[in-house]
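Report on the structure given below.
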Amino acid sequence: MALWGGRFSGDAAQAVRVFTESVSYDKRLYKHDICGSKAHAAMLGAAGIIPKKSADAICRELDRIRKRIDRGDFTFTADLEDIHMHIESALIEALGDEGARVHTARSRNDQIALDIRLYLRDEIDVLAQGIRGLQKAMILQADAHDRTILPGFTHLQHAQPVLFAHHFLAYVEMFERDLGRLADARKRINILPLGSGALAGTTLPIDREFVRKQLKFPAMTQNSMDAVADRDFACELLAALSIFCMHISRLSEDLILWMSQEFSFMTFGDAFCTGSSLMPQKKNPDLAELSRGKTGRVYGDLVSLLTICKGLPLTYNRDLQEDKEPLFDAIDTVSGILSVYPGMIGSMTLNESRMLQAASDPGLMATDLAEALVRKGVPFRNAHRMVGQLVRYAQDRNKPLDRLTLAEMKKVMPAADASMKKLFSAEHAVSGREIPGGTGYRAVRSQLDQWKKSLKLR
Ligand code: ARG
């Protein structure tokens with residue numbers, strides 16, 4: 001008979017039990033469930049709602065149950081629905097009536113809201129550490145190649161030369177904002193919902209402040225109906241993880257392109273690639289591809305949870321049990337990505353001469369030429385047009401831009417002079433961009449040094 005079986009005439013059919021169970025996946029919450037139950041029991045004892053000695057016995061037995069689950073000496077069955085029922089049943093089995101006091105002034109509705117918050121609070125800390133590790137791996141690569149130049153792209157067309165370090169630090173900035181979003185979501189997760197009961201609180205004189213302190217929550221929920229009904233905090237986390245994955249997916253795309261034979265900008269270490277079962281020559285960037293692919297799952301997890309919540313009348317509805325699998329899946333997926341990505345980044349070997357060669361196409365310096373004209377007093381829009389005409393002139397004659405004579409240049413841009421010839425070098429283009437946030441050698445060095453200092457690298 002289920003713990004809630006009092007008003008029922010018999011047990012649920014087997015198919016119903018299988019359909020409604022969640023223990024097969026929510027058992028991963030057992031440590032947090034036990035931690036919450038211990039705080040709740042201690043409070044019940046301290047507030048005189050249950051005998052102090054029952055509270056102590058419950059806490060001791062909960063520790064024993066935790067150890068049993070730790071070592072795999074605990075049976076999970078669909079008959080007991082979820083992790084809460086399993087632990088409460090084990091408690092009652094061990095302590096009899098004393099154990100039957102633990103669920104006083106509590107519902108599984110506020111209990112599960114608590115468990116998820118405790119769990120997510122911990123998981124966010126682990127994920128954030130992983131993202132930090134990824135940032136560090138990228139900063140170290142950038143630092144080791146602080147003078148390497150490659151073409152920057154817009155529309156996947158060569159645009160202007162940039163430093164490889166600048167390109168990598170762009171992602172480090174994105175990951176920093178991802179960390180900010182995780183920290184922000186954590187603030188709203190880190191609030192105690194326990195004490196809300198099923199939806200309306202309780203007639204018993206519980207001490208929520210006691211539990212809040214014990215579980216180290218900086219605040220408690222202010223509305224019991226809100227506390228059991230909403231999962232917006234979980235949606236926020238999934239949104240933050242989705243955005244992180246979007247960044248990972250873009251980085252993956254860059255790296256996959258760079259490793260293609262057409263780019264040949266770099267390769268990963270063998271340990272971070274896989275081969276083909278048919279084509280013996282293949283070395284594929286599967287980790288980056290899978291990370292790009294898994295981004296789709298995480299978006300799916302976010303959309304699942306938003307959709308689960310969107311039609312629910314207040315307060316708790318069983319639909320909310322479906323919040324867990326998308327949450328766990330997103331966390332597992334991002335953890336998986338973070339378990340391989342920093343190593344993969346660290347294993348990169350750059351083909352620096354190939355990168356420089358691609359960035360040395362004189363067409364990439366057309367903007368610098370226009371800006372040189374601006375320095376001579378030509379209005380930018382006119383300079384842009386003149387350089388555009390020069391590009392067309394060179395193309396029509398099948399000549400690279402830097403092979404035109406000064407006389408040819410002067411034909412379309414009267415303000416041209418001999419010094420403009422030196423603009424057609426990628427190094428020159430990079431070194432001219434020393435504004436804050438620019439791709440100049442010193443500007444990027446100072447960004448690198450700031451990152452290294454703030455992440456305590458070296
Ligand atoms: N397993 C449930 C969940 O995950 C716990 C709450 C169930 N509450 C209820 N009244 N059936 O949401």
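Read the numbers this way: they start at 1 and go in the same order the structure lists the ligands and their atoms. A quick note: this is a predicted structure, and the numbers were derived from the prediction, not measured.
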Atoms of ligand 1 close to Ser22 [distance to a heavy atom under 4.0 angstrom, numbered from 1]
1 (N)
Test log, rule side chain to side chain contact (heavy atoms under 4.5 Å, CB included), inputs Asn351 and Met266
CA-CA 5 Å; Asn351 186 344; Met266 61 101 201; 5.8 Å; no
Given Phe272 and Tyr341, is the ring pair (Phe, Tyr, Trp, His ring centres under 6.0 Å) satisfied, shown in steps?
CA-CA 9 Å; Phe272 293 91; Tyr341 227 104; 9.9 Å; no
Can Tyr171 and Arg250 be counted as having a side-chain donor-acceptor contact under 3.5 angstrom?
no
Any heavy atom of Tyr316 sitting closer than 4.0 Å to ligand 1?
yes
Shortest protein contact, atom 11 (N) of ligand 1 (heavy atom only):
Arg108 NH2, 3.5 Å
Measure up the Phe164 and Trp258 rings against each other and bin them: parallel (under 30°), tilted (30 to 60°), perpendicular (over 60°).
tilted
Any N/O pair Asn109/ligand 1 closer than 3.5 Å:
yes
Heavy-atom contacts with Asp82 under 4.0 Å: which atoms of ligand 1 show up? List them by number with element.
1 (N), 2 (C), 5 (C)
Among the heavy atoms of Lys324, does any lie under 4.0 Å from an atom of ligand 1?
yes
Side chains of Asp70 and Tyr30: donor-acceptor distance under 3.5 Å anywhere?
yes
Return the orientation label for the Tyr119 and His32 ring planes: parallel under 30°, perpendicular over 60°, tilted otherwise.
perpendicular
Can you find an N/O atom of Gln321 closer than 3.5 Å to an N/O atom of ligand 1?
yes
